[in-house]
Structure formats: C-alpha cells, structure tokens
Amino acid sequence: MRFIASLALAAVAVTALPAAAQSFQKPEDAIKYRRSAFTVLAAHFGALGAMANGRAPYDAAAAARHADAIQLVSTLPWAGFVPGSDKGDTRAKPEVWTEQAKVQEGAQRLQTEMGRLAAAAKTGNLDNLKTAFAQNSGSCKACHDSYRKD
C-alpha cells in the first residue's frame with residue numbers, strides 16, 4: 001500500500017512538474033517538495049540495494065516496481081531548488097546555488113545512472129541488479145559530499 005501511495009504521489013508530482021517550479025507559495029514549500037522527492041528516491045533505491053546486497057530476498061517483480069519509481073523520482077527534486085529556498089529547514093549547502101552548472105550535471109548523471117539501474121532491475125536477473133547497483137552506489141554520495149550539510 002505504501003508503494004502505491006508513493007507512486008501516486010510521484011505521478012501527481014510529475015504532472016504538476018512544469019507548474020511546480022513556478023507555483024511554490026513559499027520557499028518552505030520548495031524545500032518540502034525536494035526533501036520529499038529525495039526521501040521517496042532513497043526508499044526505493046534502498047530497497048533495491050537490500051536485494052542486491054542480500055539483506056532482503058530478491059523479488060524480481062518488486063525490483064521492477066522499485067526500478068520504475070527510481071527512474072521517475074530521480075527527475076523530481078530539482079524543481080525544488082528555487083531562489084529563496086536556500087534558507088530554512090534545508091541541508092543544502094550554499095554551493096547548490098553558486099555552482100548551478102555542476103549541480104545540474106550531477107542531477108543529469110543521477111538520472112542517467114538511475115535509468116541504468118532501473119534497466120538492470122527490470123531484467124529479472126539478480127546478477128544484473130547486483131552489478132548495476134555496485135556501479136551506482138556512489139551516485140548519490142558524490143552530490144551529498146559536495147552539496148549536503150552533515
């Protein structure tokens with residue numbers, strides 16, 4: 001049920017994406033949006049990682065569903081990095097706003113890597129998932145190290 005709710009949230013967010021970047025009423029709304037997207041991404045990425053690393057039983061159908069989620073959700077958080085959302089309940093470092101070209105490169109790299117991981121997860125082959133997950137496990141960390149506090 002939680003998975004369905006996550007996908008429903010993601011679907012609503014995608015359909016609202018063009019308007020979302022311009023419709024945040026307050027900077028806090030943008031912060032909540034991007035944090036929520038990252039939370040959903042982490043949950044599905046973590047589930048795939050648990051299967052790939054043997055901490056959870058491999059389930060090909062569940063892996064494919066998680067793959068769909070990460071592929072979609074990896075495109076969402078970036079709309080929440082709007083002017084004024086650098087203050088408040090955020091763990092984003094100031095460099096997110098001063099190094100926009102690098103941040104966008106990182107966002108594109110994450111989306112590409114999540115697409116590759118999703119493709120491997122959808123093959124129904126655990127070895128493919130393990131290989132792709134090992135190659136992608138650092139894609140989040142690279143941006144976290146540069147652009148996230150703590």
Reported [atom1]-to-[atom2] distance for the pair [X] and [Y], which is rounded to 0.5 angstrom:
{"X": "Ile70", "Y": "His44", "atom1": "CD1", "atom2": "NE2", "answer": "9.5 Å"}
{"X": "Lys141", "Y": "Ser146", "atom1": "NZ", "atom2": "OG", "answer": "9.0 Å"}
{"X": "Leu48", "Y": "Asn53", "atom1": "CG", "atom2": "CG", "answer": "10.5 Å"}

Q.
Keeping Thr90 on the side-chain end and Lys87 on the backbone end, is there a donor-acceptor pair under 3.5 Å?
A.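 No, the answer is negative, given that no donor and acceptor are paired below the 3.5 Å cut-off.
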
Any side-chain to backbone donor/acceptor pair from Thr123 onto Ala120? Under 3.5 Å, distance only.
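Such a contact is found between Thr123 side chain and Ala120 backbone.
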
The complete set of salt bridge (Lys or Arg N to Asp or Glu O under 4.0 Å) pairs with one or both residues in residues 27-47, sequence neighbours excluded, reads Arg35-Asp89

Salt bridge (Lys or Arg N to Asp or Glu O under 4.0 Å) pairs touching residues 119-137, sequence neighbours excluded, are Asp68-Lys122

Non-neighbouring partners of Thr112 that pass side chain to side chain contact (heavy atoms under 4.5 Å, CB included), sequence neighbours left out: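 For Thr112 the side chain to side chain contact (heavy atoms under 4.5 Å, CB included) partners, ignoring immediate neighbours, are Gln108, Arg116.
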
For Asp150, the side chain to side chain contact (heavy atoms under 4.5 Å, CB included) test, sequence neighbours excluded, returns Arg91, Arg148

Heavy-atom check, side chain of Phe81 versus side chain of Val96, under 4.5 Å: yes

(Q) If you define the side chain from C-beta out and look only at heavy atoms, does anything of Thr98 sit under 4.5 Å from Glu95? (A)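 A side-chain contact exists here, since the closest heavy-atom pair is under 4.5 Å.
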
Contacts of Lys149 meeting salt bridge (Lys or Arg N to Asp or Glu O under 4.0 Å) (sequence neighbours excluded), chain-then-number -> none

**Asked** Can we call the ring centroids of Tyr33 and Trp78 under 6.0 Å apart?
**Response**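 Here the rings of Trp78 and Tyr33 have centres that are no less than 6.0 Å from each other.
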
(Q) Run Leu41 and Leu110 through side-chain contact (heavy atoms from CB on, under 4.5 Å) and show every step you take. (A) CA-CA 11 Å; Leu41 180 61; Leu110 175 70; 4.0 Å; yes

Practice prompt. Heavy atoms only: give me the nearest Cys143-Gly106 pair and the separation to one decimal.
Written response: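 Scanning both residues, the minimum pair turns out to be SG-CA, 4.1 Å.
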
request  = Could I get the full list of ring-ring contact (aromatic ring centres under 6.0 Å, His included) partners for Tyr147, not counting sequence neighbours?
outcome  =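 Partners of Tyr147 under the ring-ring contact (aromatic ring centres under 6.0 Å, His included) test: none.
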
